[in-house]
Amino acid sequence: MKIIVTGGAGFIGGNFVHYMLKKYNDYKIICLDKLTYAGNLETLAPVMENKNFKFVKGDIADREFVYNLFEEEKPDIIVNFAAESHVDRSIEDPGIFLQTNVIGTGVLLDACKKYGIKRYHQVSTDEVYGDLPLDRPDLFFTESTPLHTSSPYSASKASADLLVQAYHRTFKLPITISRCSNNYGPYHFPEKLIPLMIANALNDKQLPVYGKGENVRDWLYVEDHCRAIDMIIHNGRVGEVYNIGGHNERTNLEVVKTIIKELGKSEDLIKYVTDRPGHDMRYAIDPTKIKEELGWEPETLFDEGIKKTIKWYLDNKEWWTNIINGEYQNYYKKMYENK
Ligand code: NAD
Ligand code: DAU
């Protein structure tokens, strides 16, 4: 089996590459990644010498490049993680989100149609469903919840999902889509809540909590996400959407206070800052379908996963300090200085 993993130098794609190479010693994994600010070859360093792995630098929206790669490699499966993934950046500058997340997905689908494929899997997000109110804990996203997006990021991901479904209906492309809740774990870029709070707390910097910190996210340890995608590409029904999440809801403030406690820091580091425009209140996944059809369940609960994650950041300081000592400083200034 030959799998092209797009966006494999990023957080979840990188974890997926590690997971698949460890699990299947007869699969060839090709990582196609543009190496944007979020792509990091350090994440792939442990597998660069693996004979079953190959890294290719390129843009999923570059049609000629993608067609050449398909012609040369004749992949069986595509798992598309490549995306602009940060909501705050999409509010600052939406254009690149449309280019990569929508046009890029369209190019990959065309390549699959032209060269033939056993499976195209689109890694989507629960954000395509919009949000749930805080005062209705009985409500969850199911696969039939209507798409109702809030940010340019989520709108671009929903657009891509619609395109993927259209290629299934019209061209009979064998696709699947997964919509996952918030991931956390090793190799998470420190612009996102959990790694940002860990890095700032370790450096005794302020911890910027948007609004009142009451927004709720449904946290999933990244390896559980990888295992779910593995199950879907092998046993998921073609044409179907699978929600992935494991009832690990926490308010942002709970998450930040847990990190502070684990690191033995003071809650005085918390700084309440201007809220994110259009900020989604609550995400919560109903994972019944993937549980009943594929037998997937999360293995790592939040209290254990956050400890493992903090330990990883303590043990791998070089990975994230290299990031925050670079261009990231300009980003941080721009996004947080006047909040
Ligand atoms: P990330 O930002 O850490 O990584 C994205 C990767 O894609 C980077 O390596 C980047 O270089 C690459 N990339 C960007 N544009 C590209 C292009 N045009 N061509 C080729 N490569 C390109 O993202 P992530 O958090 O790992 O998310 C991966 C996927 O999972 C995304 O599609 C995201 O929407 C989805 N997702 C993320 C989460 C989460 O909590 N992080 C949850 C659900 C779904
Ligand atoms: O739900 C899945 C989505 O989860 C993915 O599709 C996205 O790619 C991923 O980035 C993530 O989106 P969120 O917007 O939920 O994640 P983020 O880490 O940016 O923020 C989590 C919550 O924390 C959110 O309510 C905003 C808040 N926050 C975030 C940052 C960066 C803060 O309070 N302060 C911060 O500095």
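All of these numbers come straight from a predicted model, not from anything done at the bench. Start at 1 and go down the list; that is how both ligands and their atoms are numbered. The residues of the chain are indexed from 1 along the displayed sequence.
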- Contact between E191 and ligand 2, counting heavy atoms under 4.0 Å? yes
Ligand 1 to T36, heavy atom cutoff 4.0 Å, flagged ligand atoms 10 (C), 11 (O), 14 (C), 15 (N)
Ligand 1 and H188, any nitrogen or oxygen pair closer than 3.5 angstrom?
no
Contact region, F11 to ligand 1, non-hydrogen atoms below 4.0 Å, reads both
Original post:
Between P208 and ligand 2, is there a nitrogen or oxygen pair with a distance under 3.5 Å?
Top reply: yes
inquiry  = When you measure from the centre of the six-membered ring of Y283, is the NZ or CZ of R217 closer than 6.0 Å and no more than 45° off the axis?
reply    = yes
Is there at least one pair of N or O atoms, one from R217 and one from ligand 2, spaced under 3.5 Å apart?
yes
Within 4.0 Å of some non-hydrogen atom of A82, the atoms of ligand 1 are 7 (O), 20 (C), 21 (N), 22 (C)
If we number the atoms of ligand 1 from 1 as shown, the ones under 4.0 Å from a heavy atom of Y153 are 33 (C), 34 (O)
Practice item. State whether Y210 and K339 meet the cation-pi test: NZ (Lys) or CZ (Arg) under 6.0 Å from the six-membered ring centroid, and within 45° of the perpendicular axis. Key: yes
query = Can you find a heavy atom in the side chain of K2 that is under 4.5 Å from one in the side chain of K74?
reply = no
Y37-ligand 1 polar pair, N/O distance under 3.5 Å
no
A9 heavy atoms within 4.0 Å reach ligand 1 at atoms 9 (O)
- prompt: Taking N or O atoms only and a 3.5 Å limit, does S85 qualify as a polar contact for ligand 2?
  reply: yes
Please evaluate residues F302 and H247 with respect to the criterion ring pair (Phe, Tyr, Trp, His ring centres under 6.0 Å), reporting the C-alpha separation (whole Å), side-chain torsions for both, the decisive distance (0.1 Å), and the verdict.
CA-CA 9 Å; F302 188 76; H247 297 301; over 10 Å; no
Could you say whether the N/O atoms of N40 and ligand 1 ever approach to under 3.5 Å? no
The atoms of ligand 1 lying under 4.0 Å from a heavy atom of G58, numbered in the order shown, are 19 (N), 20 (C)
Near D126 (heavy-atom distance under 4.0 Å), the atoms of ligand 2 are 1 (O), 2 (C)
Please confirm whether T6 approaches ligand 1 to less than 4.0 Å, judged on its heavy atoms.
no
So the atoms of ligand 1 within less than 4.0 Å of a heavy atom of L35 turn out to be 11 (O)
The atoms of ligand 1 lying under 4.0 Å from a heavy atom of S181, numbered in the order shown, are 42 (C), 43 (C)
(request) Return yes or no for this condition: an N or O of M197 is under 3.5 Å from an N or O of ligand 2. (result) no
Within the 4.0 Å heavy-atom cut-off, what K157 brings close to ligand 1 is side chain
Can a cation-pi geometry be assigned to K205 and Y332, taking NZ or CZ under 6.0 Å from the six-membered ring centre and within 45° of the ring axis?
-> yes
- request: State whether the shortest distance between N or O atoms of F189 and N or O atoms of ligand 1 falls below 3.5 angstrom.
  value: no
- Message: Just to check, does H279 reach to within less than 4.0 Å of ligand 2 when the distance is taken from its heavy atoms?
- Response: yes
I want to check a possible cation-pi pair here: R89 against Y331, using under 6.0 Å from ring centre and within 45° of the ring axis as the test. yes
Check for me whether Y187 has a heavy atom closer than 4.0 Å to any atom of ligand 1.
no
(Q) Evaluate L32 for polar contact with ligand 1, using N/O atom pairs at a separation under 3.5 Å. (A) no
Check your understanding: Is there any N or O on N183 that sits under 3.5 Å from an N or O of ligand 1?
Key -> yes
Worksheet item: Can you check whether Y336 has an N/O within less than 3.5 Å of an N/O in ligand 2?
Response: yes
Only residue of Y221, F11, W219 satisfying ring pair (Phe, Tyr, Trp, His ring centres under 6.0 Å) with H188 is F11
Note: ligand 1 atoms sitting under 4.0 Å from heavy atoms of S124 are 43 (C), 44 (C)
Do R282 and F140 form a cation-pi contact, if we require the NZ or CZ to be under 6.0 Å from the six-membered ring centre and within 45 degrees of the ring's axis? yes
Among G39, C180, G7, S154, the residue with a heavy atom nearest to atom 6 (C) of ligand 1 is G7
Sub-3.5 Å N/O-N/O distance, N80 and ligand 1:
no
